[in-house]
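Each chain gets a letter, A, B and so on, in the order the sequences are listed, and its residues count up from 1.
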Amino acid sequence: MEKTYNNKAWFLVLPVLVLVAFSAVIPLMTVVNYSVQDTFGNNVFFWAGTEWFEQVLTSSRFHGALIRSLSFSLVILAIQIPLGIFVALNMPRKGIGVPICLVLMALPLLIPWNVVGTIWQVFGRGDIGLLGYTLRTLGISYNYATDPWHAWITVVVMDVWHWTSLVVLLCYAGLVSIPDAYYQAAKIDGASRWSVFRYIQLPKMNRVLLIAVLLRFMDSFMIYTEPFVVTGGGPGSATNFLSIDLVKMAIGQFDLGPAAAMSIVYFLIILALSWVFYTVMTNYDTANR
Amino acid sequence: MARIELDHIRHAYMANPQSADDYALKEVHHQWSDGGAYALLGPSGCGKTTLLNIISGLLKPSEGQIRFNGTDVTNLSTEERNIAQVFQFPVVYDTMTVFDNLAFPLRNRGLPEADVKKRVTETLEMLDLSDRANKRARGLTADQKQKISLGRGLVRRDVNAILFDEPLTVIDPHLKWVLRSELKKLHRRFGFTMVYVTHDQTEALTFADKVVVMYEGEIVQIGTPDELFRKPAHTFVGYFIGSPGMNIVPIKLDQGRARLGEHVIDMPGATPMPGKMELGIRPEFVTLGREGMPVSISKVEDIGRHRIVRAQLADHDIAVVVPEDGDIPADPRVTFVPEGINLYADSRRVETRG
């Protein structure tokens, strides 16, 4: 179709531009401001150039937090995506079980993040927590406050508990939209259970899986509240993810310059990785056309 | 290919059917010959899909037995019955190529790859899809996808029957014709037993050797298109097939003649019988002229090759087909062509041999 060009059309996007400017661009600009200046308070600023960026990018503290965050996201995706698909495949398609399963699945998603953190913080405690106490009585020494591995496992399990249902619900939505005729045809063609999954269910879930991977990656890469409540980034810096480190730097140490520079680097990393995921998955999609 | 025997089959979707009305499919007892092309025709909810699902094995009938070539298959699964089915919407495996789509049912059955290649190549040729063999199936048009669905059945040479569940619903009108004639050609060449469900009479009449007309869970007539046109066994068949449908008017029957209001129509061989009597005559067999029973014309529809005159005869609506150049007199009267008259007692056709 022939496109019509009319510059008046710009007026139609103006409201959105204004809205985005106030909600995102202008706040982001203040961060940019801080990232290239130094201050000793009293609103006196000195030009710092790229100093903060260099400092952040070369600091081993930042590298450590980045690696921790990336590993956490990878572990989360590696567990939640297959587990979500598996649970969705085994959920009932009709009958009374459907609403029951859906409500049960939605429950963890409805709980505020800090409450989730508190639940697990208490749950895992050796003196009063159900999980911690049981493990201790069984003779397993479990203490997320002193053992880095235990802290990691606790945070991962907590996130799996909290967010797998999102993947499940997305996959379930993708699955129920597959017409019955596909399953009947597969039966007639003599397809095995695995073939049905590989050639019908997985391709039809492609789009919702893309959304699930993107959401789960972004959320887990930015995770803050739950591990902060449970471990506070410890023991040592074992669960000191990027977001926790950033808050420590900005609020705890009041290093606004480096914190602002880190925010921008952090933002660009998320943007870049999301873009990579998106292009890889949509390319895979179109390559099949 | 197989002969399909439906032995006293009934089906109800509820657990404990009490009366005949509880059955979605009332008793069906027929034998469909090997290599026949049958069309199941009827309005929505008449039980035609139920019957198809019973044949394909997706549904187990509440009562009765279904046999392929004399072997009881009532309790066999769809896969074990070895049938092929084409659905309303094209079912293709999106991520596979056209070739792999057709090879899928063979590979699942563990056929050696050399045989798979040979058969798929043959089938692709039959369907005129050879040039697309290595393309992804999802990029194809609806009619090509539907051909692939069909191909997955054709590729298995030993299938007992190929079932079609309104396969042309999503196909563009001008391609429906093409696809239907290709289907017919394939049938003539390879002699598959085909069962084709549709609610479109044109599709049914052009596709099938035998049309099975269903109405309210019953098979009301099985016949060639010509039989359905000339001798509809049930008033529903008369009304459902033909455009416009058959004129049905209530009559009183005397010895050798019928009374329609104050008019008398000669019916040699007819004898009075109990029940509701009706006379059916197709609009094509009604002649409009200056003689016969007076009618009042309410509307004339010009549909190109001929005109359809809607009129009132003794307070009953009737339709008359008049040739494009035929004249419509100011004092219109109609006569019925005797060969076109059918007699119905309680909606079912009565043979009148005089």
Asks: For the residue pair F104(B) and Y199(A), does the interplanar ring angle fall in the parallel (under 30°), tilted (30 to 60°) or perpendicular (over 60°) class?
Replies: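 Plane angle over 60°, so perpendicular.
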
Asks: Answer with side chain, backbone, both or neither: which region of I188(A) has an atom nearer than 4.5 Å to a non-hydrogen atom of chain B?
Replies: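 Backbone plus side chain of I188(A), per the 4.5 Å heavy-atom cut-off to chain B.
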
Asks: Measure distances from L106(B) to the heavy atoms of chain A and classify the residue's part below 4.5 Å as side chain, backbone, both or neither.
Replies: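 Contact with chain A involves no heavy atom of L106(B) at all.
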
Asks: Could you check whether any side-chain N or O of H162(A) sits under 3.5 Å from a backbone N or O of P108(A), counting only pairs where one atom can act as donor and the other as acceptor?
Replies: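 It does hold such a pair.
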
Asks: Count the heavy-atom pairs under 4.5 Å between each of V92(B), V86(B), N82(B) and chain A, then report the option with the highest count.
Replies: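 Max contact count across the listed options: V92(B).
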
Asks: Mind ranking L58(B), V155(B), N108(B), L140(B) by heavy-atom pairs under 4.5 Å with chain A and telling me who comes out on top?
Replies: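 Of the options given, most contacts go to N108(B).
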
Asks: Classify the ring geometry of Y266(A) against F221(A): parallel below 30°, tilted from 30° to 60°, perpendicular beyond 60°.
Replies: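 Ring orientation of Y266(A) relative to F221(A): perpendicular.
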
Asks: Do Y13(B) and Y23(B) have their ring centres less than 6.0 Å from each other?
Replies: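 Ring centres of Y23(B) and Y13(B) not closer than 6.0 Å.
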
